Chemist: 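My structure is below; once you've seen it, I'll send some questions.
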Amino acid sequence: MKTIQELEEIRKNTLDRVNQRRDRNTTRIVVGMATCGIAAGARPVLLAIMDEVEKLNLKDVIVAQTGCIGVCRLEPIVEVIRPGEDKVTYIKMTPEKARRVVNEHVVGGKVVEEYVMHIVDGKIINDYTVEKD
Amino acid sequence: MYRSQVLICGGTGCTSSGSMDIKKALEDELKKRGIDKEVEVIRTGCFGLCALGPVVIIYPEGAFYSRVKVEDIPELVEEHLIKGRILKRLVYHESIEQDRVKSLDEVGFYKKQMRVALKNCGVIDPENIDEYLAFDGYKALEKVLTTMKPEEVISQIKKSGLRGRGGGGFPTGLKWELTAKPVADQKYVVCNADEGDPGAFMDRSILEGDPNCVLEAMEIAGYAIGATKGFIYIRAEYPIAVKRLSIAINQAKEYGLLGKNILGTGFEFDIEIRLGAGAFVCGEETALMNSIEGKRGMPRPKPPFPANSGLWGKPTLINNVETYANITKIILNGADWFANIGTEKSKGTKVFALGGKITNTGLVEIPMGTTLREIIYDIGGGIPNNKKFKAVQTGGPSGGCIPAELIDIPIDYDSLISIGSMMGSGGMIVLDEDNCMVDVARFYLDFIKDESCGKCTPCRVGTKRMLEILEKITRGQGTMDDLDKLETLAKEIKASSLCGLGQTAPNPVLSTLKYFRDEYIAHIVDKKCPAGVCKALLQYKIDDEKCRKCGLCARSCPVSAIEGKVKEKFTVNQDKCIKCGTCMTKCPFKAIDKK
Ligand SMILES: Cc1cc2nc3c(=O)[nH]c(=O)nc-3n(C[C@H](O)[C@H](O)[C@H](O)COP(=O)(O)O)c2cc1C
């Protein structure tokens with residue numbers, strides 16, 4: 001026998017899980033998980049993101065993976081897409097960096113500039129190894 | 001938290017095409033790859049696109065995979081769940097556009113649909129009451145028990161304009177009011193889940209996909225009319241639905257949502273399942289109640305109506321599964337919301353089981369007033385193999401055929417009756433140029449003749465006589481007088497039968513006579529079956545110009561009816577031919593024709 005309050009509790013707890021099955025307007029955190037990404041350590045990054053999202057009890061966030069984003073040397077790559085905002089691409093991620101992105105960007109709405117991929121004149125300028133040669 | 005969720009259809013259609021093996025294979029593969037803690041696998045009710053089963057949907061992308069096989073699972077896991085790439089090879093082609101996965105609402109099949117009764121089907125796990133609760137489950141019951149008087153519930157249902165989905169289209173609110181009125185020590189609420197129309201599976205899908213919504217609605221009905229006991233009458237041929245109903249009843253009892261003192265309000269209600277043996281007549285309400293009482297499933301004259309004297313002589317409310325499936329939504333969203341969907345006299349939506357000669361065989365739910373054209377072409381994907389659309393059969397053995405020229409008719413109770421068919425419970429069978437309308441009428445009468453309970457003479461004897469005449473016509477032995485005889489018999493049977501079964505049984509004959517009389521005449525006068533179905537009127541013939549004299553047909557014929565010599569000439573001996581069609585399928589040059 002459950003009381004009306006207990007039923008409400010069950011509703012709330014189950015909804016978080018079930019609601020992912022509907023198309024919604026939510027923030028998406030996408031991790032590049034092709035062979036290149038996985039080899040560069042994308043899996044621990046993904047797990048850290050999921051862990052952080054769960055710890056912070058974030059509701060409207062989807063963690064998804066995608067294939068090769070195209071700049072394999074910058075993997076692991078994480079993209080954050082907030083509804084109505086431009087996509088932000090973070091490169092060379094680690095679990096620690098990823099947790100910071102979740103906290104500051106996904107929750108706080110502030111892009112973590114130092115991890116972001118910048119493109120100027122068609123060149124990725126924060127890729128120093130390429131700049132040198 | 002799960003980052004991805006895989007929904008696998010567990011409706012009867014997909015289960016029989018192996019979806020539970022796929023679920024098992026998927027779970028094994030996820031374990032093997034060590035991602036079983038990140039990806040959740042859920043078995044749901046019917047998604048509707050049964051022709052493409054087994055169906056698997058993966059969220060958050062919403063990728064719709066069709067005809068998935070066990071062998072596909074490793075690749076699907078590797079590509080989609082590990083690398084995050086849509087596996088294009090398996091994705092339903094219509095759901096992808098320029099490499100972007102369209103949301104399911106954008107896909108033709110779903111775009112024009114509106115899911116009210118099927119709201120949770122294909123979304124929740126029907127064997128887990130928590131998931132039902134998460135989508136506002138039992139909130140309508142809570143609202144009714146804590147804030148509404150029984151009269152208020154009834155007036156909401158009346159205001160919504162909901163009409164019975166079991167075929168008759170009787171106003172539901174009025175029926176509740178009539179059953180609430182009599183004073184009695186005991187009243188009953190019955191759910192009619194007999195679903196006997198050939199080709200219909202709407203009610204089964206609702207019970208398989210969302211059993212709790214029917215339980216909740218029956219409780220609300222019980223509160224409204226003053227009953228404490230409910231029965232669900234369901235055919236034993238629906239084992240998955242029966243199992244999920246039993247699970248739902250047990251879980252609801254555990255949570256105190258069924259039984260004594262529900263939600264602490266003092267309201268009491270209990271539901272039992274009664275299995276039927278699958279007789280069409282047992283869907284008729286008085287026969288159904290006899291069957292529940294343990295008597296032979298035969299109808300009795302009305303009045304008295306069940307509202308006054310039903311089960312064991314007590315006032316009884318009987319509604320169809322889909323009717324109940326609308327109740328919780330009306331209570332939560334309001335009567336006005338519901339009354340705004342559909343047409344003036346037919347409110348809300350209707351679920352149809354789309355079958356026959358149609359690309360997207362399956363389950364669809366549309367607002368009342370949607371045209372037949374939209375259902376067949378926009379939702380159903382048209383007629384396969386470039387064949388010509390000929391007619392649609394609605395209402396099963398009680399209904400009739402709608403010819404192609406009436407394709408723009410809006411689907412609602414009154415339009416369908418006005419053209420000699422009826423809504424019925426929602427079977428919709430599409431016919432193309434290869435269907436013979438005389439044969440279609442014969443099929444339904446043959447069904448009726450078997451299913452007539454025998455209690456009244458017009459139905460028992462009359463339908464048999466009609467069937468004999470139809471069989472005579474399909475053998476090419478009919479006369480023009482027979483058509484008049486059919487019409488006279490039909491009128492008599494309709495006017496004098498005891499129950500709805502006999503009263504509607506002639507409809508398929510009458511409607512085909514009305515719209516396809518020339519086909520009857522072709523059988524009688526020209527001794528031809530224009531669609532090439534009625535065997536007795538067919539002759540297989542070899543076209544000498546196309547024939548290359550290879551002799552393959554003669555070697556394939558099981559009764560050696562094709563005579564001739566290689567490189568010379570072959571002919572079909574009509575006396576020996578059994579019209580099996582083997583020669584026609586074997587001929588590589590399409591030189592054999594049936595006429
Ligand atoms: C021969 C015959 C078969 C019927 N079969 C069904 C059936 O399978 N399911 C159903 O709900 N109603 C069936 N009905 C209609 C029921 O008698 C009854 O009208 C219906 O259950 C009332 O529910 P509703 O008002 O919600 O439609 C049948 C009627 C006849 C005459």
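What you are looking at is a predicted structure, and each value in this text was computed from that prediction instead of being measured. Chain letters run A, B, ... following the sequence lines, proteins first and then strands; every chain starts at 1.
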Chemist: With only heavy atoms counted, which part of B:Ile58 is less than 4.5 Å from chain A, the side chain, the backbone, both or neither?
Modeler: neither
Chemist: Do A:Thr14 and B:Phe135 come within less than 4.5 Å of each other through their side chains, counting heavy atoms only?
Modeler: no
Chemist: Output the distance between atom CD1 (A:Ile29) and atom CZ (B:Arg3), rounded to the nearest 0.5 Å.
Modeler: 13.0 Å
Chemist: For B:Glu142, is it the side chain, the backbone, both or neither that has a heavy atom under 4.5 Å from a heavy atom of chain A?
Modeler: side chain
Chemist: Indicate yes or no: at least one non-hydrogen side-chain atom of B:Ile129 is less than 4.5 angstrom from one of A:Ile10.
Modeler: no
Chemist: Looking at CG of A:Leu47 and NZ of B:Lys37, how far apart are the two atoms once the value is rounded to the nearest 0.5 Å?
Modeler: 12.5 Å
Chemist: I'd like to know which of B:Leu81, B:Thr146, B:Asp136 tops the heavy-atom pair count under 4.5 Å against chain A.
Modeler: B:Leu81
Chemist: Regarding A:Arg43 and B:Glu38, does a basic nitrogen lie under 4.0 Å from an acidic carboxylate oxygen?
Modeler: yes
Chemist: Between B:Tyr138 and chain A, which part of the residue has a heavy atom less than 4.5 Å away: side chain, backbone, both or neither?
Modeler: both
Chemist: Using a cut-off of under 4.5 Å on heavy-atom pairs, state which of A:Thr3, A:Leu46, A:Asn13, A:Ile38 scores highest against chain B.
Modeler: A:Leu46
Chemist: Please report the shortest heavy-atom distance between A:Val63 and B:Pro60, naming the atom on each side.
Modeler: O-CG, 4.4 Å
Chemist: Give the intermediate values and the outcome of side chain to side chain contact (heavy atoms under 4.5 Å, CB included) for residues A:Leu7 and B:Leu263.
Modeler: CA-CA 9 Å; A:Leu7 289 174; B:Leu263 292 169; 3.4 Å; yes
Chemist: Can a donor-acceptor pair be found, under 3.5 Å and without considering hydrogens, that links the side chain of A:Arg11 to the backbone of B:Gly137?
Modeler: yes
Chemist: Kindly indicate whether the side chain of B:Lys139, heavy atoms from C-beta on, has any atom under 4.5 Å from the side chain of A:Glu8.
Modeler: yes
Chemist: What part of A:Glu6 is in contact with chain B, defined as an atom under 4.5 angstrom from a non-hydrogen atom: side chain, backbone, both or neither?
Modeler: neither
